[in-house]
> 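I am attaching a structure below and will ask some questions about it afterwards.
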There are 2 protein chains.
Amino acid sequence: MRIGELAGRTGVSVRALRYYEEQDLLAAERSPSGQRRYPESAVDRVVLIQQLYAAGLSSRTIAELLPCVVDGRATPALIERLAAEREQVDRRITDLRHARDRLDSVLTAATANLRTGAACRREAAPRAR
Amino acid sequence: MRIGELAGRTGVSVRALRYYEEQDLLAAERSPSGQRRYPESAVDRVVLIQQLYAAGLSSRTIAELLPCVVDGRATPALIERLAAEREQVDRRITDLRHARDRLDSVLTAATANLRTGAACRREAAPRAR
DNA sequence: CTTGCCTCTGACGTCAACGTCAGGTTCTAG
DNA sequence: CTAGAACCTGACGTTGACGTCAGAGGCAAG
């Protein structure tokens with residue numbers, strides 16, 4: 001398929017796909033006229049890339065680990081790298097949970113105050129730009 | 001305390017503290033000569049700011065919500081905002097968990113392959129810069 | 001008083017993951 | 001055949017949270 005269809009089916013922009021290629025995350029055949037042609041498997045690949053971005057990995061890191069992720073093969077060094085990234089993700093999850101809990105306690109407190117009529121009287125002033 | 005001490009005690013840079021002030025996240029008294037003076041409570045405040053950054057909130061958002069977070073009071077609109085941010089954080093946690101699970105399955109697969117002697121034979125090529 | 005660290009403002013630099021625009025080619029529907 | 005959509009490369013713009021540098025003033029010790 002061509003780049004526009006891949007973009008449509010994955011929900012990422014054409015620009016992003018070209019960027020992925022630039023970063024060696026996603027290869028493409030070329031038609032005689034130079035247009036990119038992707039196989040069906042590219043859809044899954046792009047989804048995977050998005051997942052890894054969502055995990056907070058950089059494109060540099062993804063490029064290093066993708067071959068391993070795709071074919072399930074790796075050197076011990078790559079496996080260590082993967083494990084380290086996994087730990088990173090775990091820590092980020094923990095941090096986020098703490099932050100969420102913090103927001104939760106703030107929320108319940110604020111809501112309770114609202115109900116007891118203790119709401120702020122100064123309106124939120126529109127901040128200068 | 002002065003800015004250097006606050007930086008040391010919170011682990012954030014002096015530059016970051018000045019940036020927080022610029023973004024209305026952290027106020028400071030000034031000595032007659034113009035140097036910033038912070039109360040003890042600034043330490044907690046900076047820690048809180050870090051937590052909210054960790055939650056993925058922007059400084060703009062933090063500035064809007066901080067008064068509410070600090071004194072537990074808010075307008076209904078602010079409470080809605082908080083709840084929305086909380087949901088955002090929740091979604092991010094879910095995404096991260098998916099990504100982590102993905103990394104996990106890759107890891108176990110790769111490790112199993114390693115043990116069965118199916119490791120990649122082409123070494124990880126050092127990528128061009 | 002001077003040395004050396006701390007602090008100030010102002011301003012430009014950085015980095016990642018794209019967005020956007022220009023100027024040109026290619027493909028496809030009619 | 002032609003209009004218009006889709007594609008190409010190349011290059012500059014954007015955003016957020018700072019880093020870094022310059023040039024100047026402040027503060028404690030000896």
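The chains referred to below are lettered A, B, ... by the order of the sequence lines, with proteins before strands, and numbering in each begins at 1. Side chains included, hydrogens not; waters and symmetry mates left out as well; all remaining heavy atoms used.
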> With respect to the phosphate group of D:dG13, does any side-chain polar atom (N or O) of A:Arg15 fall under 4.0 Å of OP1 or OP2?
no
> Give a yes/no on whether any side-chain N or O of A:Ser13 is located under 4.0 angstrom from OP1 or OP2 of C:dG19.
yes
> Which heavy atom of A:Arg92 sits nearest a heavy atom of A:Gly56, and at what distance?
NH2-CA, 3.9 Å
> Distance check needed: C:dT7 P versus B:Glu21 CD, whole Å only.
14 Å
> Reckon A:Arg36 has a side-chain N or O less than 4.0 Å from the OP1 or OP2 of D:dC8?
yes
> At 4.0 Å (heavy atoms only), tell me whether A:Arg30 reaches a base, stays on the sugar-phosphate, or touches nothing.
sugar-phosphate
> Nearest-Å distance, OH (A:Tyr53) to P (C:dA17)?
5 Å
> Pick base, sugar-phosphate or nothing for B:Arg2, based on heavy-atom distances below 4.0 Å to the nucleic acid.
sugar-phosphate
> Calculate the interatomic distance between A:Asp24 atom CG and C:dA17 atom C1'; express it in whole Å.
16 Å
> Would you please confirm or rule out a distance under 4.0 Å between OP1 or OP2 of C:dA17 and any side-chain N or O of A:Ser59?
yes
> Taking only side-chain N and O atoms of A:Tyr20, does any of them lie within less than 4.0 angstrom of OP1 or OP2 on C:dA17?
no
> Are B:Gln35 and B:Arg30 close enough that a side-chain donor and a side-chain acceptor fall under 3.5 Å?
no
> May I have the distance from B:Leu25 (atom CG) to D:dG16 (atom P), rounded to whole angstrom?
13 Å
> How is B:Ser58 classified with respect to the nucleic acid when contacts are heavy atoms under 4.0 Å: base, sugar-phosphate, or nothing?
sugar-phosphate
> Could you tell me whether the phosphate oxygens of C:dA17, OP1 or OP2, come under 4.0 Å of any side-chain nitrogen or oxygen in A:Tyr19?
yes
> Does A:Arg81 use its side chain to pair, donor to acceptor, with the backbone of A:Glu64 at less than 3.5 Å?
no
> B:Leu17 has an atom CG; how far is it from atom C1' of D:dG19, in whole Å?
14 Å
> Please compare B:Ala16 and A:Glu5 by the position of their nearest nucleotide in DNA chain D and report the one closer to 5'.
A:Glu5
> Output the rounded distance in Å from CD (A:Gln23) to P (C:dA17).
7 Å
> What is the minimum heavy-atom distance between B:Ser58 and B:Tyr53, and which atoms define it?
C-CE2, 4.4 Å
> Find the distance A:Leu6:CG to D:dA6:P and express it as a whole number of Å.
15 Å
> I want to confirm an ordering. Mapping A:Ile3 and B:Ser33 to their closest nucleotides on DNA chain D, which one lands closer to the 5' end?
A:Ile3
> Quick check: does any side chain N or O of A:Thr10 sit under 3.5 Å from a backbone N or O of A:Leu6, one acting as donor and the other as acceptor?
yes
> Rounded to whole Å, please give me the gap between CD in A:Gln35 and P in C:dG24.
18 Å
